[in-house]
Amino acid sequence: MDIASLVASSLGVADITVRVGFGLRQLQKSFSEALEHVDNIAQQTRTIDFAIRQICSLLEQSRDTFPASFELHLDESTTAIGRVVGQIQDHTEAVKAKAEKSPSKGKILQLWHADKVGQWEKNLGVQIQALLLLLEVANLRSNVERFSVLEQASSKRLFERASSFSARVGSSSRAPASGQSFYAETKTFSFDPDLLQTKVYRRACESAWRRDVTVNGDEYDDNCSSLSSRASSSNHLAVEPGDFIHGSSAGVREIPDGFPYCAPTNSTRLHVSGSALQLVSEISTTGQTQATTMSSDTYATQGTFATTISSDSQPAIAGQERSSLKSIASSGKSIVRVVVDNVGSDQVEVPVCHVSEHYRLVYDAIPKTRDRILAAGGIDPAVYEGAMAGCNIEASGEAIHRFPFTAAFLGAALEKMEECYYSVIEVVAQFSPPPSLDDSPATSQTVARPSTFVPHIIVDGHSALPFTTQAQIGKGGFSKVFQVKIDPTLSQSLLNVKTTQLFAVKKLRTVDEKAFRRESDILRQLSSRSRHRHIINLLATFEQRQTSDMESMYYLLFPLAAGNLRDLWNDADTVTSKAVRDSLCSRRDYGQLARWMFDQCIGLADGLREIHTVLNTPPDSLALYHHRPIREELEVEQFGRHGDIKPENILWFRDDNESPGRLVIADFGLGRLHSSISKGKKTKGTRRKRIACTPTYRAPESEWSPTGGGKPVSRAYDVWSLGCVYLEFATWFLMGSGAGVDEFRRKRRKHAADEAFFTNRDGGEVCLSPAVQEQAQKLRWEASYVDSPTSEGLHSFLTSVGSCLEIDAEKRPPAGTLAAELQKLV
Ligand SMILES: Nc1ncnc2c1ncn2[C@@H]1O[C@H](COP(=O)(O)OP(=O)(O)OP(=O)(O)O)[C@@H](O)[C@H]1O
């Protein structure tokens, strides 16, 4: 790679952007996506820093021979720089495109980003210079000559600047021991107050803080001297009871949230007393010293703390797997950084580098580590009620495999470290308050859940998916559904289900990530609230990266249903259990079956209410899950909706053999972003043009409005579709499948080719299909032959169905009102 051209292209980026730097922190929230971009870039630069460190330390270690890995590291750095430059360019382009889309915010956005990009370029420039110097050094004939250049004051200054840059953007590498390399001699903390808001920068600050404390602590502050000796011994936490750690920073005025990313004041101390951690910030104003103390309680519930655990022991390697791990370790990529973003619910994917094939090894010990983290934070693991939220395991700033974090992960990573596969594990843990049960909207259909974890598992093209397919059980326009058995590791450690259990996997036909997110996001959002008995439960998602291109195949894992509502209507005779067959097929006990039908209809309406009340704002967990949230799409509408309610998308679960089972709303493929889809755009990767929804159950406003033209899909649209399903349900109940449901469909076809429940009069006006009016009358007549009180219940039910099938969308009841109305039936 031609460094000079990289420098040139990096400077070229500078010209594109206008640089005006001023405080726009209040816009921080709305621009969080952009920050993610910056964070991604920051991740890359750690590779450069790592390589430079390695080179320096290799040169120190072998003064007489030219280390073979020198060139490798140089290559790595060069590639990383190229990647960063590319990312900055992509980033700038993306910002420009966004600014064009939203002219009002655009200018500010562009300026703000220009400022950020400017900072990156400046820092990157230093890295490039450092690397150029190293390239020069590499070309010298002997190490004696090389050292004469490296020892020059100007070289040292350059590396010091690169080093301070590394403190700004973070490093996952272990710093060489004090005195081993000038590169490690960072003595002060200096934090950029603006950048301090970004996740990676905060981590970086924390990392820098920790490095100084653990490696150069004795040079830094008298009180730290005891630390440095302890920190270098294996598996030792950086801080111990009685320790004081001092940091200083100029020009930062306020205390940001989340220790230890603090150090905004002239002096910040971490005091460890007994088993409690205490942050003391001293703010010096007009000669007076003001002390702000964060108590260990605050710390335990909201704070963050960090530990560095390092192992210098030699590995005891056995077996092929271990030796392959060892070779990973010796390849210079053995440093793994473990970041626990939250000790909350088991929530977020875990990126792992270079350990993808070994994830089983790393699965089992999470509780141990969780306890260890909690104990280090002065919290009794036995009484702490918060769950673990997230974890990243990274090596060299790169992530090729992601795992959902369960406590097992961290623990096993620690074990690996003890076996010396990883030489350093840095742990940053943040504690969230234990979940309050009062927060969850408890309805009869929801159950409180301590954990809302929906893992997203990425496997590369070479690796097998963690399930074995048994048979195809369903097919939709956009997917195939298979019955599967899942890998025992996954079922035990991750999903907490029986290994013998069967599941359904929905394989999307599309490779479009947005289509995947459209379906999984709304399900994740629903999961993060409460688990509804009548909404499908997403257990996990899988992404299989193709080796040939950048695309992925997507899979969604669900509990296995007995069939869908249409199957239930058609195939009730095939149901094996006598009790179910009696109630479903011969319909001898109308009262019992009617009660079941009403219960299910109430549940479905309540499920729809739940979907409709999901705000289109991703929870924090989603923000963590997605590196790049699809903001444009999230702005489309404020509330969630389904968009394709029909019998095929209502699944039938037989919870036990005695009851007819439970109906559950599924298939959120058209959920939430429906209005953008209904414009009929062909999205990348889809094989056929997506239609708005199944035509039969579509609401009249989809093709008509008083002002002409189709209205966007609203929540009332779903209520119409549900009304159609209810009417068919009542038809099946009173008249059976063939003579009832099928006949009703044939009659609708006479008025609308797509068997819709509405039709167009000659004048073009939309009205209820005459077949529907006739069917409603017929059902009332049939219902009057049923024993009381079922008969009255059925009449009331048909009245509620009528309210759903109002042509005017505004007259239809909201799903919650409908559920409450139906509740009166039972
Ligand atoms: N969890 C499950 N258990 C059993 N069968 C299922 C499950 N999920 C889906 N199916 C079956 O697969 C069929 C297709 O699934 P789904 O409707 O989710 O796919 P789709 O491609 O989104 O379909 P559509 O064309 O309606 O958009 C369902 O009608 C159902 O019969």
Side-chain angles (χ1 to χ4, degrees), residues 454 467 469-486 495 497 501-512 514-523 526-527 531-542 553-572 574-575 604 607 611 641-655 661-674 677-678 680 683 685-698 713 717-718 721-722 724-725 728 754-755:
V454 179
F467 53 79
T469 301
Q470 297 202 318
Q472 184 173 333
I473 48 169
K475 192 176 170 188
F478 309 107
S479 68
K480 284 183 179 169
V481 181
F482 300 93
Q483 177 178 306
V484 298
K485 256 189 163 173
I486 57 172
L495 304 176
V497 292
Q501 215 170 315
L502 293 170
F503 294 86
V505 160
K506 179 169 175 174
K507 178 183 182 189
L508 301 191
R509 287 169 197 259
T510 176
V511 292
D512 181 15
K514 286 184 183 175
F516 161 69
R517 285 190 185 180
R518 195 155 44 227
E519 182 153 4
S520 60
D521 276 8
I522 194 162
L523 284 164
L526 286 163
S527 303
R531 182 176 289 171
H532 198 285
R533 277 176 52 74
H534 295 274
I535 297 175
I536 190 75
N537 179 22
L538 178 66
L539 297 171
T541 53
F542 304 98
M553 295 301 299
Y554 295 99
Y555 303 81
L556 294 95
L557 182 74
F558 297 109
L560 182 67
N564 60 41
L565 183 55
R566 176 86 60 204
D567 298 333
L568 185 146
W569 292 341
N570 289 339
D571 308 334
T574 62
V575 177
L604 293 174
I611 294 164
R641 68 232 173 280
H642 188 282
D644 200 13
I645 297 283
K646 60 180 179 181
E648 289 77 4
N649 287 342
I650 294 174
L651 295 180
W652 169 42
F653 283 87
R654 276 170 54 205
D655 293 332
R662 182 167 47 99
L663 298 180
V664 162
I665 300 172
D667 187 10
F668 286 75
L670 292 180
R672 183 198 249 183
L673 301 170
H674 191 90
I677 299 162
S678 59
T683 48
T686 48
R687 295 208 179 137
R688 70 176 171 82
K689 203 172 172 182
R690 272 190 103 131
I691 48 164
C693 76
T694 310
T696 305
Y697 299 89
R698 77 188 195 281
V713 177
Y717 183 107
D718 283 339
S721 307
L722 191 61
C724 299
V725 173
E728 287 194 305
D754 52 17
E755 299 158 3

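Atoms within a ligand are numbered from 1 in the order they appear, just like the ligands themselves. Only heavy atoms go into these numbers, but all of them, side chains included; no hydrogens, no water, no symmetry mates.
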May I ask you to check whether [X] has an N/O atom sitting below 3.5 Å from an N/O atom of ligand 1?
{"X": "Phe478", "value": "yes"}
{"X": "Asp667", "value": "yes"}
{"X": "Ile473", "value": "no"}
{"X": "Asp567", "value": "no"}
{"X": "Ala561", "value": "yes"}

With a 4.0 Å cut-off on heavy atoms, does Lys646 reach ligand 1?
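Distance cut 4.0 Å: Lys646 passes for ligand 1.
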Mind checking whether Ala562 has a heavy atom under 4.0 Å from ligand 1?
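Ala562: no contact with ligand 1 (<4.0 Å).
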Spacing of CD1 belonging to Ile650 relative to CG belonging to Leu604, to within rounding of 0.5 Å:
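The CG atom of Leu604 is 5.0 Å from CD1 of Ile650, to the nearest 0.5 Å.
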If I take atom CG from residue Leu508 and atom OH from residue Tyr554, how far apart are they, to the nearest 0.5 angstrom?
9.0 Å
Are Tyr555 and Phe467 an aromatic pair, judged by ring center distance below 6.0 Å?
yes
Sequence neighbours left out, what pairs pass side-chain hydrogen bond (donor to acceptor under 3.5 Å, both in side chains) with at least one residue falling in residues 473-484?
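Listed once each, the pairs are Gln470-Gln483.
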Taking every non-hydrogen atom, the tightest pair across Asn564 and Pro647
CB-O, 3.7 Å
Show the atoms of ligand 1 that are less than 4.0 angstrom away from any heavy atom in [X].
{"X": "Glu648", "value": "28 (C), 29 (O)"}
{"X": "Pro559", "value": "1 (N), 2 (C), 3 (N)"}
{"X": "Phe558", "value": "1 (N)"}

Given Ala504, Gly563, Gly474, Ser479, which has its nearest heavy atom closest to atom 19 (O) of ligand 1?
Ser479
For atom 10 (N) of ligand 1, state which one of Leu502, Ile536, Asn564, Val481 supplies the nearest heavy atom.
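Heavy atom nearest to atom 10 (N) of ligand 1 belongs to Val481.
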Using a 4.0 Å heavy-atom threshold (strictly under), name the region of Ala666 that reaches ligand 1: side chain, backbone, both or neither.
neither
Under 4.0 Å from ligand 1, counting heavy atoms only, is it the side chain of Lys506, its backbone, both or neither?
side chain
N-O pairing of Lys646 and Asp667 below 4.0 Å
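Looking at Asp667 together with Lys646, the answer is no, because their closest N to O distance does not fall below 4.0 Å.
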Taking the side chain as C-beta and beyond, is there a heavy-atom pair between Thr696 and Cys724 under 4.5 Å?
no
Run the side chain to side chain contact (heavy atoms under 4.5 Å, CB included) test against Val664 and tell me which residues pass, sequence neighbours left out.
Ile536, Phe653, Arg662
Are any side-chain N or O atoms of Asp718 and backbone N or O atoms of Gly643, one a donor and one an acceptor, separated by less than 3.5 Å?
yes
